Amino acid sequence: MAEETLAKAYDFRSTEQRLYKMWEQSGYFKPANDPRKPGFDPSKKPFVISIPPPNVTGELHLGHAMFVSMEDLMIRYNRMKGVPTLWVPGTDHAGIATQMLVERKLADEGVKREELGREEFLNRTWEWKDFYAGRITQQIRRLGASCDWTRERFTLDDGLSKAVREAFVRLYEKGLIYRGPRLINWSPLLKTAVSDLEVEYSEEAGKLYYFKYMLADKSGDFIPVATTRPETILGDTAVAVHPEDERYQKYIGKEVVVPMLNRIIPVIADEYVDRKFATGAVKITPAHDPNDYAIGEKHHLPMISIMDESAHINANGGPYAGMDRFDAREKLWADMKAAGLVIKETPHTLSVPRSQRGGEIVEPMISTQWFVKIQPLAEKALEAVKSGETKIVPERFTKVYYNWMENIRDWTISRQLWWGHRIPVWYCEDCGEMIAAREDPTECPKCKGSRLHQDEDVLDTWFSSGLWPFSTLGWPEETPEYRYFYPTSVLETAADILFFWVARMMMFGIEFTGKPPFHTIYLHGLILDENGQKMSKTKGNVVDPLPVMDELGTDALRFTLLVGSTPGQNSNLSLKKVEANRNFANKIWNAGRFVLSALNQAPQTASGKPEWTLADSWIWAKLNALIRDTDRLFTNYQFGEAGRQIYEFFWGDFADWYLEIAKVQLAEGGDRAYFTAQTLVRVMDACLRLLHPFTPFVTEELWQALKRTAMEKGFSTYAAHQPWEDALIIARWPESGPAEGWEDGKIGEFNQVQEIVRTIRNIRSEKKVQPGRKIAAILTAGDKVDLINAQAKVIAALAGIDPGALSIESTLEKAPENAISAVVSGIEIFLPLSGMVDSSEEKERLNRELQDVRSQIERLEKLLSSDFANKAPAQVVEKERQKLQTFKETAEKLTSQLTNL
RNA sequence: GGGCGGUUAGCUCAGUUGGUUAGAGCGUUGCGUUGACAUCGCAAAGGCCGUAGGUUCGAGUCCUAUACCGCCCACCA
């Protein structure tokens with residue numbers, strides 16, 4: 001069979017799609033232990049993630065790329081650990097967002113939603129959904145997401161819709177859902193109620209308008225009042241002052257006249273009023289302000305709505321009826337000015353409530369809506385985290401979660417939209433009965449009348465997303481999947497969605513299944529641009545993940561997102577980083593190519609028992625330490641740090657050092673070459689396994705090639721007893737064992753070799769020795785002479801020394817003349833570079849060195865004679881003693897080198 | 001008004017049981033076509049770890065205060 005050759009550079013373009021298809025078609029994304037299949041073992045505890053379902057409105061963005069990378073990492077890791085693993089994919093109908101986009105598209109065609117009618121509009125929206133849901137899931141596949149697509153769900157599926165109805169009716173029956181008129185946030189643009197969470201406050205420049213509230217007794221006396229929204233004057237039903245405010249006490253109980261409308265309203269006293277703010281007198285508009293609403297209820301004031309659903313003034317606004325709210329503001333103010341009621345206007349910054357989706361100013365209004373009585377649900381959700389049943393990573397977010405749950409208010413769940421789950425409530429036109437039902441009712445249970453009509457409203461999108469972890473598994477049916485995979489393991493999502501989604505899932509999960517829906521909540525931060533700015537279209541700093549993947553590869557993007565992030569912390573993304581990681585993928589590739597060629601040239605059997613070189617032992621010890629660290633870090637959700645360490649090992653230890661040494665060892669041929677090849681395969685194999693959850697494509701591609709060649713040549717996997725699996729995606733995760741006694745020693749010895757090599761390279765570079773030129777060297781190593789002697793070839797090869805001209809002695813009678821000298825770890829290095837030695841320059845260099853070493857000696861002597869020696873652990877003290885010893889030897893040798901000059 | 005996060009090399013960031021000369025990538029400066037890799041290699045420069053106290057034998061790491069930047073929550077007309 002011809003030797004397999006790989007392209008010189010890693011070509012992700014020809015790899016990614018092919019491998020993804022292979023994985024998916026081989027069924028690797030499905031849980032190995034499937035309750036629907038024979039041989040199912042219920043004793044195996046599964047690892048389950050429900051995907052945060054992307055909205056069907058849009059295109060892949062970095063937020064998606066982040067959570068897909070992170071979740072795929074966890075899923076692949078667990079799959080390789082041999083845990084039955086399930087990642088449930090799906091999409092969200094995203095009520096408001098989608099309806100808005102479809103309406104916008106219709107508007108471009110000159111059609112209004114109302115003209116189309118509900119049914120036709122929904123047809124159009126389903127068409128939209130079919131196109132965009134397919135696109136977004138395709139884009140998620142490109143990221144390498146190993147979710148089980150056979151279980152893909154959509155929030156408006158039949159099954160999930162059934163779950164929504166069940167949930168609604170259960171809450172209704174428990175009295176936890178109610179309907180009634182309340183002050184809610186109204187979006188005049190979308191003409192629907194929105195919840196408190198869907199309102200964002202922005203600081204904006206505005207004005208404070210001061211005017212006169214004339215007394216009704218025609219005395220000409222007035223109370224000065226200030227407002228930021230003059231148009232709400234039309235809905236005023238009282239003026240409030242502080243009960244102890246001496247300025248206004250005399251007015252309490254009197255009446256004043258609403259400007260321009262001449263309605264008579266009372267002056268009331270309430271401690272809510274801040275005497276120091278503005279005039280210390282407040283106009284009260286219960287129907288259009290949350291604070292005023294509370295006061296209105298307390299004082300039994302009438303509530304006068306002055307706006308219609310598009311925020312135009314209604315008939316209650318008298319002459320202003322029909323005007324837009326902001327036009328009315330101006331007109332009313334002008335009229336008041338003309339009537340002599342205006343005092344002044346001052347600039348004032350106010351926090352303006354804007355709709356999260358449309359951006360328009362939200363109007364507080366009285367409206368009949370459906371609400372969830374949330375407190376009983378919140379209490380249990382709070383308890384689940386307090387008891388530790390569910391953990392939040394990073395931990396600091398538990399406080400945020402507590403704070404929100406403790407101050408939660410009833411949730412407005414009805415939306416005046418068409419796209420969504422219709423509220424499962426019917427009204428009897430004969431007797432007025434209200435019926436909440438799991439199945440569409442045909443007659444009224446009370447009067448048996450058949451004239452029923454369903455509530456027109458739909459539910460808040462988050463109502464259905466709140467059921468996601470269990471509705472996707474078949475709930476309310478007790479399906480085998482639900483029984484086995486629920487509760488899920490980790491809920492991984494962006495920190496900014498904690499209240500919207502995570503909190504609701506916690507509440508609903510506990511309410512409906514009796515169990516918190518996941519044991520861990522892992523929150524990642526936002527992806528910002530390279531300057532730490534939020535990405536936004538208006539700023540033009542949005543990085544689109546698709547072209548990044550096109551240009552630099554999926555692995556590079558994934559690695560950048562994963563390694564650049566710490567739990568809960570925002571991270572800045574720059575293309576430079578992705579480029580650097582593209583280079584890393586290529587580095588992996590080329591190291592793999594080298595290993596393959598080594599396998600092809602090395603003997604396929606050994607004649608004797610394994611004999612490991614220092615480098616072999618060293619790389620093995622480092623690998624074991626790496627596996628241990630990776631395990632520890634993964635357990636603590638420190639994925640970024642784990643990735644970083646694997647990267648450093650791979651590039652800094654394996655590629656930079658071991659591969660270079662392997663070239664020397666392979667050249668020796670025989671058993672040495674055989675065992676070197678074996679070490680190469682095993683370390684490479686282990687690295688590919690460790691890297692796979694981060695960079696699945698390049699590792700799988702390379703691993704397949706490695707496996708083919710290794711099997712052909714009879715080389716084993718990293719674990720010797722572990723046979724080569726079918727694919728890396730389902731290969732076993734390297735097992736970590738405790739550190740063995742010899743490991744630290746080998747690492748320490750090898751470090752000395754590295755130091756020697758670095759020192760010689762340094763001198764060469766400083767002295768501008770031509771890179772190709774082999775030079776001579778004399779080392780004196782004292783009692784380390786055997787150790788260093790064994791590494792002669794390695795040192796010669798790595799430091800550019802002529803092996804024939806390298807001599808290693810324990811001591812020298814007389815220092816070599818005309819040589820550049822250095823001392824490292826007590827080992828002397830002499831480089832006889834005739835003609836290049838400038839003794840005064842050398843003196844200076846050695847003196848600098850000596851000074852450095854002496855200050856270290858001084859530092860350590862001081863340290864060791866301090867309390868440190870008795871109080872610090874013996875091991876730590878011993879380490880410092882050793883260092884001191886080495887420095888002393890070094891100083892001695894430097895001194896003698898100086899005298900020789 | 002409350003809460004949280006950040007402040008470490010020119011830039012972007014790591015650094016989680018506190019261990020004693022602080023790391024990476026990019027950038028900068030030299031040098032380099034040694035058959036894995038120029039998407040690379042070798043070498044170098046570059047850091048009172050925001051400031052002030054404290055705990056400790058020992059603090060980038062723990063505690064307190066403080067400054068600046070950012071975020072979240074909250075009903076100030």
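Every chain is numbered from 1, with letters handed out A, B, ... down the list of sequences. Computed from a predicted model, the values in this text were never measured in an experiment. What's counted below: heavy atoms across the whole structure, side chains too, no hydrogens, waters or symmetry copies.
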With sugar-phosphate meaning primed atoms plus P, OP1 and OP2, does A:K663 contact a base, only sugar-phosphate, or nothing at under 4.0 Å between heavy atoms? base
Under the 3.5 Å rule, do the base of B:A36 and the side chain of A:E660 count as making a donor-acceptor pair? yes
Can you tell me how far C1' in B:C63 sits from the matching atom in B:G27, rounded to whole Å? 38 Å
How far, in whole Å, is B:C57 from B:A52 if one measures between their P atoms? 23 Å
Thinking salt bridges, do A:R354 and A:E200 make one under a 4.0 Å N-O criterion? no
Phosphate OP1/OP2 of B:C72 contacted by A:N403 side-chain N/O (<4.0 Å): no
Span that lies between the C1' atom of B:A9 and that of B:U21, in whole angstrom: 16 Å
Check the distance between B:C71's P and A:Q569's CD and give it to me in whole angstrom. 14 Å
In plain terms, say whether A:K576 and A:E579 are close enough for a salt bridge, that is, a side-chain N and a carboxylate O under 4.0 Å apart. no
Looking at every strand, decide which applies to A:N407 at a 4.0 Å heavy-atom threshold: base, sugar-phosphate, or nothing. nothing
Answer yes or no: are there more than 12 heavy-atom neighbours, outside A:R396 itself, under 6.0 Å from its atom CZ? yes
Reckon A:R396 touches a base, only the sugar-phosphate, or nothing at all at heavy-atom distances under 4.0 Å? sugar-phosphate
Is any side-chain N or O of A:K883 closer than 4.0 Å to OP1 or OP2 of B:U21? yes
For A:L197 and B:A74, give me the distance from atom CG to atom C1', rounded to whole Å. 13 Å
Which residue, A:L863 or A:A9, contacts RNA chain B at a nucleotide closer to its 5' end, judged by nearest heavy atom? A:L863
Salt-bridge present (A:R275, A:D245; N to O < 4.0 Å): no
Distance between C1' atoms of B:C4 and B:A45 (Å, rounded): 39 Å
Please determine whether a side-chain nitrogen of the Lys or Arg among A:E363 and A:R229 lies less than 4.0 Å from a carboxylate oxygen of the Asp or Glu. yes
What nucleic acid atoms does A:F887 come within less than 4.0 Å of, heavy atoms only: base, sugar-phosphate, or nothing? base
When we call it a touch if two heavy atoms are under 4.0 Å apart, what does A:A580 touch: a base, just sugar-phosphate, or nothing? sugar-phosphate
Would you say A:R229 places a side-chain N or O within less than 4.0 Å of OP1 or OP2 belonging to B:A77? no
Between A:R761 and B:A43, is there a contact of a side-chain N or O with OP1 or OP2 at under 4.0 Å? yes
Rounded to whole Å, please give me the gap between CZ in A:F594 and P in B:U34. 15 Å
Nearest-angstrom distance from the residue atom CG of A:L666 to P of B:A36: 10 Å
B:G70 and B:U64, which share atom name C1', separated by this distance in whole Å: 23 Å
Would you please classify the geometry between the A:F584 ring and the A:Y647 ring as parallel, tilted or perpendicular, with 30° and 60° separating the classes? tilted
Send over the distance from A:E880 CD to B:G19 P, rounded to a whole Å. 12 Å
Dot-bracket encoding of pairs in RNA chain B, which uses [ ] for pseudoknotted crossings and | for another strand, Watson-Crick or G-U under 3.5 angstrom: (((((((..((((.....[...)))).(((((.......))))).....(((((..]....))))))))))))....
If you look at every strand shown and take non-hydrogen atoms under 4.0 Å, does A:F584 touch a base, only sugar-phosphate, or nothing? nothing
May I ask you to decide if the ring planes of A:Y658 and A:F654 are parallel, tilted or perpendicular, using 30° and 60° as cut-offs? parallel
Indicate the ring-plane relationship of A:W589 and A:Y10, choosing parallel, tilted or perpendicular according to the 30° and 60° boundaries. tilted
Electrostatic pair A:R632-A:D629, nearest N-O below 4.0 angstrom: yes
Taking CH2 from A:W657 and P from B:C42, how many angstroms apart are they, rounded to a whole number? 8 Å
Base, sugar-phosphate, or nothing for A:N586, non-hydrogen atoms under 4.0 angstrom? base
Gap in Å between the two C1' atoms, one belonging to B:U29 and one to B:C72, rounded: 45 Å
Nucleotide B:C42, atom P - distance to CD1 of A:I763 in whole Å: 18 Å
More than 12 heavy atoms of other residues, nucleotides or ligands under 6.0 Å from CD of A:Q875: yes or no? no
Just checking A:A655: base, sugar-phosphate only, or nothing, at a heavy-atom cut-off of under 4.0 Å? base
Check ion pair A:E861-A:K888 (N to O, under 4.0 angstrom): yes
Under 4.0 Å, heavy atoms only, any strand: does A:S574 hit a base, just the sugar-phosphate, or nothing? nothing
In whole Å, measure the gap between the P atoms of B:U8 and B:G15 for me. 14 Å
Specify the residue among A:V563 and A:R275 whose closest nucleotide of RNA chain B lies further upstream toward the 5′ end. A:V563
Reckon A:K576 has a side-chain N or O less than 4.0 Å from the OP1 or OP2 of B:C26? no
Distance between C1' atoms of B:G47 and B:C31 (Å, rounded): 26 Å
Does A:K399 make a side-chain N or O approach to OP1 or OP2 of B:C4 shorter than 4.0 Å? yes
Counting any heavy atom closer than 4.0 Å, what does A:N636 reach on the DNA or RNA strands: base, sugar-phosphate only, or nothing? nothing
Considering just the side-chain nitrogens and oxygens of A:W651, establish if one lies under 4.0 Å of OP1 or OP2 belonging to B:A36. no
Determine: side-chain N/O of A:K587 to OP1/OP2 of B:G41, distance under 4.0 Å, yes or no. yes
Figure out the OH/C1' separation between A:Y401 and B:C72, and round it to whole Å. 17 Å
Sugar-phosphate only, base, or nothing, as touched by A:R764 at under 4.0 Å among non-hydrogen atoms: nothing
Short side-chain N/O contact from A:N583 to OP1 or OP2 of B:C40, under 4.0 Å: yes
